[in-house]
Asker: 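Take this structure first; my questions come after.
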Protein chains: 2
Amino acid sequence: MEFDDKIPIYYQIKQYIYQEIIVNHLAPGDKLPAVRQLALTLTVNVNTIQRALSELINEGILESKRGRGNFVTTDVATLTDLKHRVVEEQLALMYDRLADLQIAPEDMVAYLTDYIAKRKEQAQA
Amino acid sequence: MEFDDKIPIYYQIKQYIYQEIIVNHLAPGDKLPAVRQLALTLTVNVNTIQRALSELINEGILESKRGRGNFVTTDVATLTDLKHRVVEEQLALMYDRLADLQIAPEDMVAYLTDYIAKRKEQAQA
DNA sequence: ACTAGTGTATTAGCCTTCTATTACACTATA
DNA sequence: TATAGTGTAATAGAAGGCTAATACACTAGT
């Protein structure tokens, strides 16, 4: 996995796990890989994994069962909240950044449409 | 100015200056505030300002004139490149993040439109 | 020449993040 | 009951970013 060296790795791992849950690669009740395995896979230290997981546990996203593993919460309400929160955060980020660049809301849609067309072209080439 | 504590301050200052140039608060040839003044205004250390500025100088966005000040380059080509680069980077960021969340390109526009509508409502309230 | 305003450089210290290592605690199962 | 698999905790050290303080170098105007 590639990390942005401007943002703490533990923080990027949190966001990655959010993602895995949101796109249902990790379903409610699923067991996560063992911390040592995650550390190998992501080529980071166990402590860094642990830091990310412990925050997710505090947020109620994961549940830790000592000696057995870490599991995605079965509280579905928490997970649907998560999905809404994350998607909206991404939209807000982009909206605010483009607004800072003095792009009007109406124009943002046009910019995005153009950009999507460009990506489609590139994908074909 | 507010900074995101997950991202280096010097880096956020660079982006802020990009912005000021793109929206024409800083025009080609303009003199920037003195480094000590910028440090006061943004409530950071002079060294942090200096780090941001020296990178912008390396990138050809700014020109330093010792004893006189820092100036926006008069090379207009560099500045129009900058604008394209920054806007496209923001779009790419959002596109990739939403793609990671398994939102199809066609749906991104709908999501954005909805979000803009939501912001408009909030603005009125 | 002096002085005020400017950029630049260097040092020391603090904090956070990340790594490496070791140890401990619990669970399941052979 | 031993052992393998799991989470948890604690320490020490390296690296990067930020601050504070001081000093130096150049420019313009008096």
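Every chain is numbered from 1 and lettered A, B, ... according to where its sequence line falls, protein lines coming before strand lines. Bear in mind the structure is a predicted one, so any value in this text is a computation, not a measurement.
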Asker: CD of A:E55 versus C1' of C:dT17: gap in Å, rounded?
Answerer: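 These atoms are roughly 12 Å apart.
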Asker: Does A:T48 put a side-chain nitrogen or oxygen below 4.0 Å from OP1 or OP2 of C:dT17?
Answerer: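 No.
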Asker: Rounded to whole Å, please give me the gap between CD in B:Q12 and P in D:dC18.
Answerer: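 B:Q12 atom CD is separated from D:dC18 atom P by 9 Å.
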Asker: Under 3.5 Å, side-chain donor or acceptor atoms of residues 73-80 of chain A against the rest of the protein: list the pairs with distances, not counting sequence neighbours.
Answerer:
from  : atom 1 : to    : atom 2 : distance (Å)
A:T73 : OG1    : A:E63 : OE2    : 3.4
A:T73 : OG1    : A:D75 : N      : 3.1
A:D75 : OD1    : A:A77 : N      : 3.0
A:D75 : OD1    : A:T78 : N      : 3.3
A:D75 : OD2    : A:T78 : OG1    : 3.2
A:T80 : OG1    : A:V76 : O      : 3.4
A:T80 : OG1    : A:A77 : O      : 3.0

Asker: Could you list the donor-acceptor pairs under 3.5 angstrom formed by side chains in residues 103-115 of chain B, with sequence neighbours left out?
Answerer:
from   : atom 1 : to     : atom 2 : distance (Å)
B:T113 : OG1    : B:V109 : O      : 2.7
B:Y115 : OH     : B:R119 : NH1    : 2.9

Asker: How does the hydrophobic cluster around B:L93 look, that is, which other residues are in it when side-chain heavy atoms under 4.5 Å mark a link?
Answerer: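 Listed partners: none, B:L93 stands alone.
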Asker: Taking ILVMFWY side chains as joined if any heavy atoms are under 4.5 angstrom apart, and letting links pass through other members, which residues group with B:I7?
Answerer: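 Its cluster partners, ordered by chain and number, are A:I7, A:Y10, A:Y11, B:Y10, B:Y11.
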Asker: Can you check the A:I49 CD1 to C:dC18 C1' distance for me, whole Å?
Answerer: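 In whole Å, C:dC18 C1' lies 12 Å from A:I49 CD1.
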Asker: Expressed in angstrom and rounded to an integer, what is the separation of A:M1 atom CE from C:dC18 atom P?
Answerer: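 So the two atoms are 13 Å apart, to the nearest Å.
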Asker: Strictly under 4.0 angstrom, non-hydrogen atoms only: write out the protein contact profile of nucleotides 6-16 of chain D, one letter per nucleotide from the 5' end, B, S or -.
Answerer: BBB-B------
Asker: Show every donor-acceptor pair shorter than 3.5 Å between a side-chain atom in residues 18-28 of chain A and any protein atom, with sequence neighbours excluded, or say none if there are none.
Answerer:
from  : atom 1 : to    : atom 2 : distance (Å)
A:Y18 : OH     : A:E59 : OE1    : 2.5
A:Y18 : OH     : A:E59 : OE2    : 3.4
A:Y18 : OH     : A:R85 : NH2    : 3.0
A:E20 : OE1    : A:H25 : ND1    : 3.1
A:E20 : OE2    : A:H25 : ND1    : 3.3

Asker: Rounding to a whole Å, what distance do you find between B:I7:CD1 and D:dC18:C1'?
Answerer: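 It is 16 Å, rounded to the nearest whole Å.
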Asker: Nearest 0.5 angstrom please: B:L32 CG to B:S64 OG, how far?
Answerer: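 One finds 10.5 Å between CG of B:L32 and OG of B:S64.
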Asker: NZ of B:K6 versus C1' of D:dC18: gap in Å, rounded?
Answerer: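 My rounded result for the distance is 16 Å.
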Asker: Could you give the CD1-to-P distance, from A:I9 to C:dT16, as a whole number of Å?
Answerer: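 In whole Å, C:dT16 P lies 18 Å from A:I9 CD1.
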Asker: B:N58 has an atom CG; how far is it from atom P of C:dG7, in whole Å?
Answerer: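 For the pair B:N58 CG and C:dG7 P, the rounded distance is 16 Å.
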